Amino acid sequence: MLLIRCPYCEEERPELEFRHAGEAHLVRPGNIAEMSDEDFEGFFFIRQNPKGLVYERWRHVHGCARFFNAVRDTVSDKFVTTYKAGEKKPVIKGAAE
Amino acid sequence: MTAPFRVAGKGRLTPAKVVRFTFDGEHYSGLEGDTLASALLANGVHLVGRSFKYHRPRGFLSAGAEEPNALVGIHRDAARKTPNVRATVQELHDGLAAVSQNRWPSLKHDVGAVNDLASPFFSAGFYYKTFMWPKAAWKHLYEPRIREAAGLGVAPDQPDPDHYAAHYGHCDVLVLGGGAAGLAAALAAAEAGARVILADEQAEPGGALRFESGAVIDGRNGWDWATATVARLRAMENVRVLTRTTAFGYYAQNFVGLTERVSDHLAAPLPDLPRERLWQVRAKRVVIASGAIERHMVFPDNDRPGVMLASAARTYLNHYGVAVGRQVGVYTANDSAYHAAIDLKKAGVDVVAIVDLRDNPQGPVVDEARALGIEINAGRAVVGVAGKLRVSAMTVQPKNGGASRSIAIDALLTSAGWTPSVHLFSQSRGKVAFDDETRRFLPGAYAQDCVSVGACNGTDDLEAALAEAAGAGHAAAKAAGAKAGRAGAKLKASGEGWSGGMLGAAPGAGADSKAKAFIDFQNDVTAKDIRQAVREGMRSIEHVKRFTTNGMATDQGKTSNMHGLAIAAETLGKPIPEVGLTTFRAPYTPVTFGAIVNHARGSLFDPTRRTPMHGWAERHGAVFEDVGQWKRAWYFPKAGEDMHAAVDRECVTVRQSAGIFDASTLGKIEVVGPDAAAFMELLYTNPWQKLEPGRCRYGIMLREDGFIYDDGVVGRLADDRFHVTTTTGGAARVMNHMEDYLQTEFPHLKVYLTSISEQWAVIAVQGPKSREIIAPLVEGIDLSDAAMPHMSVREGTICGVPTRLFRMSFTGERGFEINVPADYGQAVWEAVWAEGQKHGACAYGTEAMHVLRAEKGYIIVGQETDGTVTTNDAGLDWAVGKKKADFVGIRGMMRPDLVAPGRKQLVGLRTKNPKVVLEEGAQIVADPKQAVPMTMIGHVTSSYWSENCGHSIALALVEGGRDRMGDTLYVPMPDGTIEVEVSGTVFFDEKGERLNG
């Protein structure tokens with residue numbers, strides 16, 4: 001079981017308290033209704049799913065209930081960092097842009 | 001009476017403490033502290049099992065957890081029958097009853113042994129190759145027979161009556177293994193102030209000191225030092241010593257799973273004791289001190305009972321005071337077996353010969369053996385043994401061939417060297433590295449905050465191992481934040497460190513040999529099988545493993561791994577590291593399902609949710625159905641009624657007078673704040689800004705992909721306050737969906753979301769008499785049609801209790817939903833029920849609710865929809881705000897496929913024979929005469945008998961359904977095709993007049 005640091009609670013808590021919520025830093029466009037089919041496909045369906053460092057969202061669902069972002073290595077399952085939603089995407093060496 | 005092979009003056013057990021037990025019904029006695037294995041050996045019993053595939057007679061190979069042969073059933077009582085218990089691990093207790101496995105009719109005369117004679121037909125990959133043809137025979141002939149023959153032991157046929165405990169542990173330093181190194185590490189960490197957990201699989205820690213008679217630590221006999229050290233550790237407040245506890249799995253971030261066997265060793269465990277305790281420990285640092293496991297020699301018929309590891313024989317002698325034979329032979333390729341020979345000889349056992357594969361063994365132990373008068377045959381091999389149920393002689397031959405001679409023996413001790421136990425290190429995702437000099441895999445690159453010490457790290461010398469372990473324990477404590485200070489003084493020690501030995505097949509089991517020289521005893525894998533796997537094209541060791549099953553099941557590479565690998569490498573002509581090592585998987589030793597399932601069974605398997613009115617429903621004879629975790633009243637049968645009759649009566653009563661329904665399970669979310677309406681606009685398809693406070697609207701929620709996600713009636717209580725209802729099953733995910741958008745996409749909106757599902761009990765009163773029923777109870781709300789029309793919400797009191805009263809209908813009748821604080825749910829329900837009785841109302845359950853809504857064509861999300869249904873498909877386009885610029889799903893619902901013609905649309909179906917009720921999920925075709933497989937154009941989503949309509953009704957999703965009104969379609973079923981006519985979705989009161997009726 002992973003230990004995950006919630007950036008709002010500022011505590012490491014067991015994975016059981018959290019739920020994964022998909023890739024991070026995807027922004028829903030304000031003019032979503034006007035998007036082309038190709039742009040919508042890119043926004044909604046296409047994900048990076050890299051091997052190695054990923055930017056992803058988690059929710060501290062059985063804790064403070066906040067959504068936050070994390071950088072995790074999919075090979076070692078190690079968390080590099082977690083940070084609040086809305087904060088700038090941290091630059092991590094070796095992570096896919 | 002003393003058991004015949006118990007050696008007076010040897011071992012650490014007390015002769016007076018006699019324990020009685022049975023094996024296959026025979027009565028025996030042993031001593032307190034014995035394992036089942038040592039007690040049987042004390043009685044001269046070596047034959048304890050039959051092998052898995054060939055049914056070969058088998059004895060004890062080891063004295064520990066690596067035992068592949070001596071698997072027995074332990075039968076405590078009718079419900080407590082544990083199969084495949086390693087006799088070398090099972091502690092003896094009074095009244096213990098063990099039975100052998102995999103034999104019929106008896107252990108000595110086993111019919112299944114014919115497999116051994118037929119073994120040319122059972123070689124590696126046999127199943128994959130033999131049972132291919134004819135195809136049909138697999139299901140009816142091969143598979144049932146194979147299943148019958150497969151498996152080892154018999155599973156109990158009653159529920160497990162024991163209970164199992166679970167414990168989460170946290171510590172600075174977790175030490176895995178309580179041998180010399182583990183004890184030294186734990187002591188150093190504890191003295192440095194760290195919170196330490198030490199886990200050891202044995203009843204008493206000590207590891208190899210249990211048999212190493214020559215070890216001296218700190219001026220004391222090794223075992224005595226271990227015992228004293230354990231006592232010291234137990235006395236420290238910052239240390240927890242767990243015995244009979246196996247670390248079975250090493251997971252991410254130093255999370256280690258351990259099982260503690262609490263009561264299997266007790267004759268009469270107290271009923272409140274758990275059988276086992278599952279520990280889930282999170283440690284800042286882990287010290288792995290898992291030791292090493294001795295390898296057997298690979299030679300023909302090396303599996304005969306009486307052939308065992310040298311260290312095992314030594315353990316039985318030095319710890320349990322048991323001689324494994326009277327005329328013992330030794331076959332070795334390293335020094336360590338000499339210690340066994342010397343100990344046995346000194347105990348008065350006749351050690352007839354040491355056969356050493358090495359040409360010129362030298363050193364103090366060799367000299368000592370020779371001085372004791374033991375015959376040493378250097379440069380020779382044991383190329384065969386005699387005796388089937390027990391070894392009776394060994395055939396000794398110069399290793400390069402020549403004249404052989406037979407030596408009578410009744411036990412043969414073998415040692416091919418020691419394999420470091422890197423299992424836990426490897427499970428931690430550390431990478432092992434092959435050490436060319438010592439020809440073994442050792443811990444290489446670490447992946448977690450752990451360190452290996454002692455024999456599992458290849459540190460063979462005792463004093464060096466102690467120093468390494470103490471250093472590691474101290475460093476781990478420091479790294480974990482303990483105040484540490486200076487490390488303690490180095491322990492002086494002398495012991496028996498050894499390395500070397502051999503890997504792979506010994507003479508007589510070479511490439512051209514047809515003999516059965518076993519690598520993996522448990523899976524009956526021989527040297528020949530490994531070679532055959534390579535010949536048949538397996539190149540990776542992972543393929544060899546799967547083809548031969550070498551190292552699978554409980555072995556997990558403990559005794560079989562290195563021999564198998566060496567033979568594969570030799571056959572492939574490649575160096576060992578290039579062939580690679582198979583993955584070590586958890587669990588290290590078998591873990592019971594009881595420990596894993598733990599408390600989560602029966603009523604604790606999943607939470608049960610009950611509404612505030614559950615007790616009333618129970619008292620009134622409700623039959624309940626499970627809806628997610630909820631128990632919902634399904635129907636309320638009266639005496640003599642079956643479900644059908646009850647549901648018919650409930651449906652008719654609702655439409656004739658009224659029905660009362662427990663709708664408390666509905667999901668409820670309060671959306672509050674100055675931007676509440678703006679938020680609702682974004683999360684639902686409907687327009688909300690203009691909805692007046694006090695009015696309700698049926699809302700539809702989409703996902704971003706444009707498909708229906710949830711629905712429910714929403715009441716606006718105030719400009720800034722909405723009372724949202726969701727489906728019962730959707731409550732949690734809708735809340736998650738809303739929170740997700742609010743927190744991450746629309747954080748600028750000033751809105752609070754609060755789950756209020758459990759706060760409000762909901763009593764639906766539906767039917768023409770509904771207003772008359774509630775009127776006497778309600779205060780402060782004008783219930784007239786003019787003041788409170790359909791789809792409105794008011795706040796007031798009922799029975800003196802605050803209420804949010806909705807005028808709404810899921811039946812098509814005039815209806816109300818009374819929300820009251822959950823604690824008052826049952827009281828208000830009873831008051832409503834009493835009023836209802838005056839008007840002939842009934843209580844109705846979820847089945848009637850389903851029928852009534854289907855009569856009106858109201859959808860249920862998850863029944864009419866399946867995550868691929870759009871508002872247009874469901875005929876709900878009217879609920880989409882046409883002028884809205886944005887809402888979740890606005891773009892998704894415009895995707896080309898979602899607006900293409902020919903999509904499945906919701907329609908009604910009328911069976912041509914009104915009595916026939918369709919099956920939900922049944923497929924629909926246009927032409928029943930077409931060839932199979934037919935083109936399916938839709939499926940039935942809901943189907944019921946409608947007593948109110950006098951015919952069956954059904955809803956269905958059908959391709960282009962709305963253009964097929966009046967068409968005849970077909971529902972092919974196994975016993976005939978049903979003709980149906982496509983209709984609208986409303987079967988009852990099409991004009992909707994009864995909402996105000």
Side-chain angles (χ1 to χ4, degrees), chain A residues 1-5 7-8 12-46 56-69 72-80 83-87, chain B residues 168 170 249-257 280-284 428-431 445-449 682 703-707 732-733 735-748 752-755 881-899:
Chain A
M1 187 165 32
L2 301 175
L3 273 183
I4 303 172
R5 183 182 175 277
Y8 293 96
E12 277 199 325
R13 308 292 301 170
E15 189 185 338
L16 287 176
E17 294 183 11
F18 298 84
R19 188 179 298 158
H20 191 261
E23 192 173 314
H25 300 291
L26 300 167
V27 181
R28 186 178 186 273
N31 63 341
I32 192 166
E34 278 100 54
M35 284 175 96
S36 68
D37 283 339
E38 291 70 30
D39 287 349
F40 183 75
E41 180 195 32
F43 159 71
F44 188 72
F45 292 105
I46 307 302
E56 61 188 11
R57 306 191 315 137
W58 286 81
R59 186 182 184 204
H60 195 184
V61 63
H62 300 299
C64 65
R66 302 298 298 265
F67 284 84
F68 60 89
N69 294 329
R72 183 177 58 98
D73 189 325
T74 58
V75 178
S76 67
D77 235 4
K78 276 187 183 158
F79 281 85
V80 177
Y83 51 103
K84 292 176 182 174
E87 283 181 7
Chain B
Y168 286 97
H170 298 269
Y250 197 131
Y251 306 99
Q253 288 168 294
N254 274 355
F255 190 69
V256 181
Q280 289 162 277
V281 178
R282 180 84 65 179
K284 287 183 186 159
S428 81
R429 296 189 176 188
K431 295 254 179 290
Y446 282 84
Q448 299 202 36
D449 291 331
L682 284 165
R703 291 184 310 209
E704 202 73 88
D705 60 9
F707 293 123
R733 60 183 156 83
M735 185 72 186
N736 189 70
H737 177 83
M738 285 185 168
E739 280 286 353
D740 193 351
Y741 277 96
L742 180 61
Q743 290 182 32
T744 66
E745 296 293 353
F746 313 129
H748 55 283
Y752 285 102
L753 302 172
T754 309
S755 166
K882 301 290 178 296
K883 291 177 192 156
K884 290 172 69 170
D886 195 6
F887 58 83
V888 173
I890 192 169
R891 179 62 188 82
M893 68 187 283
M894 296 186 293
R895 288 187 288 144
D897 285 356
L898 271 61
V899 295

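Predicted model, so just to flag it, every value in this text is computed and none were measured. Only heavy atoms go into these numbers, but all of them, side chains included; no hydrogens, no water, no symmetry mates. Proteins come first, then strands; the chains are lettered A, B, ... in the order of their sequence lines, and each starts at number 1.
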Self-check item: Residue pair B:Arg282 / B:Asn254, side-chain donor-acceptor N/O under 3.5 Å
Solution: no
Quiz item: Is it the side chain or the backbone of A:Phe40 that comes within 4.5 Å of chain B heavy atoms, both, or neither?
Solution: side chain
Quiz prompt | Pair B:Glu704-B:Tyr741, side-chain donor/acceptor within less than 3.5 Å | solution = yes
Quiz item: Quick one: are A:Arg5 and A:Phe79 in side-chain contact, heavy atoms under 4.5 Å?
Solution: no
Exercise. Could you tell me which portion of A:Arg57 (side chain, backbone, both or neither) has an atom closer than 4.5 angstrom to a non-hydrogen atom of chain B?
Key: side chain
Practice problem: List in chain and number order the residues that pass side-chain hydrogen bond (donor to acceptor under 3.5 Å, both in side chains) with B:Thr744, two or more places apart in sequence or in another chain; answer none if no residue qualifies. | Solution: B:Asp740
Quiz item: If you count the non-hydrogen atoms of other residues, nucleotides and ligands that lie under 6.0 Å from OH in B:Tyr446, is the total more than 12?
Solution: yes
Quiz item: Among residues 15-22 of chain A, which residues come closer than 4.5 Å to chain B, judged by heavy atom distances?
Solution: A:Leu16, A:Arg19
Quiz prompt | Portion of B:Ala447 that has a non-hydrogen atom of chain A nearer than 4.5 angstrom | solution = backbone
Self-check item: Engaged part of B:Glu745 at the chain A interface, taking heavy atoms whose separation is under 4.5 Å
Solution: side chain
Quiz item: Does the separation of the ring centres of B:Phe255 and B:His170 fall below 6.0 angstrom?
Solution: no
Practice problem: Against chain A, label B:Tyr168 side chain, backbone, both or neither, depending on which of its atoms sit under 4.5 Å from a heavy atom there. | Solution: side chain
Exercise. Side-chain contact test, heavy atoms from C-beta onward, threshold under 4.5 Å: evaluate it for B:Gln448 versus B:Tyr250 and give yes or no.
Key: yes
Quiz item: Hey, are the side chains of A:Tyr83 and A:Phe68 touching, using non-hydrogen atoms and a 4.5 Å cut-off?
Solution: no
Quiz item: If you count heavy-atom pairs under 4.5 Å between each of A:Pro14, A:Gly30, A:Ser36 and chain B, which one has the most?
Solution: A:Ser36
Quiz item: Is the shortest heavy-atom distance from the side chain of B:Pro747 to the side chain of B:Leu742 under 4.5 Å?
Solution: no
